[in-house]
Amino acid sequence: MRISWETLWHNIHDCQACGLYATCRGKVMGQGDWHAPLMLIGEAPGEQEDRQGLAFVGPAGQLLTRMLEAINLPRERVYICNVLKCRPPGNRPPTPEEAAACLKHLRAQVALVRPKVILLLGATAVRAVLGPQERITRCRGQWRDLKGVQVLATYHPSALLRDPAKKPEAWSDLKRLRACLCERELYPDLIREDEA
């Protein structure tokens with residue numbers, strides 16, 4: 001049975017399933033269109049996200065906005081969240097235990113949004129959604145079907161900021177994403193590559 005957005009917010013706000021609740025300023029649930037056909041899942045809030053209470057608003061978020069604009073998709077028309085809702089100290093990568101503690105919240109978000117397509121941003125999202133044995137280097141750019149939802153993995157924008165040489169691969173992934181959204185007519189006004 002699906003819970004409401006209000007119940008989910010209370011569940012996240014009151015969560016003490018791991019120790020991160022004690023070190024973060026506030027929980028970051030995510031934002032965007034609650035009925036979006038496309039859902040983006042990242043790793044965890046960073047410093048700016050922790051301060052503002054919004055997902056992907058720091059430098060990586062600004063790059064993500066530009067990436068979406070490059071395929072003519074404003075970020076307000078997608079739903080964006082992270083696996084973790086609390087910032088790990090010093091922006092360190094989350095532990096598997098921390099990610100596992102937050103999975104129930106992520107599953108509830110997916111159930112509420114009911115996306116047709118999910119874009120996984122980085123290794124933490126890949127392991128949380130596709131399984132702990134999966135690696136971003138092996139599954140990046142490959143479509144997976146999870147109970148009728150099309151799932152594509154690409155690099156996290158912060159990885160692209162650290163290593164710009166990965167940007168051509170990420171662009172290739174975005175073009176795959178755009179093609180899928182166009183083929184399924186999920187955003188009818190989205191410009192196809194051959195029309196751009």
Side-chain angles (χ1 to χ4, degrees), residues 24 26-88 91-94 99 102 105-106 109-110 113 115-130 136-137 139-144 149-182 186-187 189-191 193 196:
C24 71
K27 312 292 177 69
V28 181
M29 188 164 88
Q31 74 275 349
D33 182 349
W34 287 358
H35 307 289
L38 173 62
M39 184 174 191
L40 282 66
I41 303 174
E43 178 179 282
E47 182 180 3
Q48 291 301 316
E49 290 77 12
D50 191 35
R51 281 191 180 147
Q52 298 182 44
L54 297 169
F56 283 94
V57 292
Q62 293 165 19
L63 176 56
L64 179 61
T65 299
R66 293 194 301 274
M67 291 166 68
L68 290 170
E69 288 171 351
I71 60 168
N72 196 38
L73 191 57
R75 67 180 277 160
E76 306 83 51
R77 297 183 65 195
V78 304
Y79 187 80
I80 302 174
C81 65
N82 286 300
V83 174
L84 270 72
K85 312 309 178 192
C86 297
R87 177 191 181 205
N91 289 351
R92 65 162 171 75
C102 256
H105 302 313
L106 179 63
Q109 283 176 296
V110 173
V113 176
K116 304 288 189 275
V117 179
I118 293 176
L119 181 65
L120 301 176
L121 301 167
T124 298
V126 163
R127 287 192 297 271
V129 175
L130 299 179
I136 184 71
T137 51
C139 67
R140 184 207 62 77
Q142 299 174 20
W143 285 105
R144 304 285 180 94
V149 178
Q150 295 302 302
V151 180
L152 181 68
T154 192
Y155 296 117
H156 194 285
S158 63
L160 301 177
L161 291 173
R162 288 190 305 269
D163 184 2
K166 290 185 165 105
K167 284 185 177 180
E169 291 174 291
W171 176 237
S172 175
D173 298 337
L174 284 176
K175 290 194 288 187
R176 281 187 186 92
L177 174 67
R178 177 174 59 188
C180 175
L181 296 173
C182 287
L186 297 175
Y187 292 91
D189 57 337
L190 196 63
I191 299 171
E193 184 179 12

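- Residue pairs meeting the salt bridge (charged side-chain N to carboxylate O under 4.0 Å, His left out) criterion with at least one partner in residues 58-83, sequence neighbours excluded, are Arg77-Asp189.
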- Message: Before you tell me yes or no, could you show the steps for Arg178 and Tyr187 under side-chain contact (heavy atoms from CB on, under 4.5 Å), namely the whole-Å CA-CA distance, both residues' side-chain angles and the distance that decides it to 0.1 Å?
- Response: CA-CA 9 Å; Arg178 177 174 59 188; Tyr187 292 91; over 6 Å; no
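- Summarising the geometry, atom CG belonging to Leu177 is positioned 9.0 Å from atom OG1 belonging to Thr154; distances are rounded to the nearest 0.5 Å.
- Among all heavy-atom pairs drawn from Pro88 and Leu84, the shortest one is CG-CD2, 4.2 Å.
- Taking the side chain to side chain contact (heavy atoms under 4.5 Å, CB included) definition, one finds that Ala55 meets it with Val28, Gln31, Ile80, Asn82, sequence neighbours left out.
- With values rounded to the nearest 0.5 angstrom, Tyr155 atom OH is found 8.0 Å from Asp163 atom CG.
- Evaluation of the salt bridge (charged side-chain N to carboxylate O under 4.0 Å, His left out) test over residues 42-53, restricted to residues two or more places apart or in two chains, returns Glu47-Arg51.
- Each of Leu152, Leu38, Val149 was evaluated against Ile118; a single residue qualifies, Val149, per the side-chain contact (heavy atoms from CB on, under 4.5 Å) test.
- Side-chain contact between Leu120 and Ile136: absent, with no pair of heavy atoms (C-beta onward) separated by less than 4.5 Å.
- Of all heavy-atom pairs spanning Trp143 and Cys180, the tightest one is CZ2-CB, 3.4 Å.
- Heavy atoms only, all atoms of each residue included: Cys86 and Ala44 are closest at O-CB, 4.2 Å.
- The minimum heavy-atom distance between Val126 and Cys139, with the atom names listed, is CG1-SG, 3.6 Å.
- Looking at heavy atoms from C-beta onward, Gln109 lies in side-chain contact with Lys85 at the 4.5 angstrom threshold.
- Pro115 and Val110 make their closest contact through CD-O, 3.4 Å (heavy atoms, listed as atom of the first residue, atom of the second, distance).
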- Query: Hey, mind stepping through Gln48 and Gln62 against side-chain contact (heavy atoms from CB on, under 4.5 Å) and telling me if it holds?
  - Reply: CA-CA 11 Å; Gln48 291 301 316; Gln62 293 165 19; over 6 Å; no
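- Rounding to the nearest 0.5 Å gives a distance of 10.0 Å between CG of Leu121 and CG of Asp173.
- Between Pro74 and Leu68, every side-chain heavy-atom pair lies at or beyond the 4.5 Å cut-off.
- To the nearest 0.5 angstrom, Leu40 atom CG is 8.5 Å from Leu73 atom CG.
- Between atom CG of residue Leu160 and atom CD of residue Glu169 there is a gap of 9.5 Å, rounded to the nearest 0.5 Å.
- Across all non-hydrogen atoms, the minimal contact from Pro157 to Leu64 is CG-CB, 4.0 Å.
- For the pair Ser172 (side chain) and Pro168 (backbone), a donor-acceptor distance under 3.5 Å is absent.
- Atoms CE and CH2, from Met67 and Trp171 in turn, are 9.5 Å apart once rounded to the nearest 0.5 Å.
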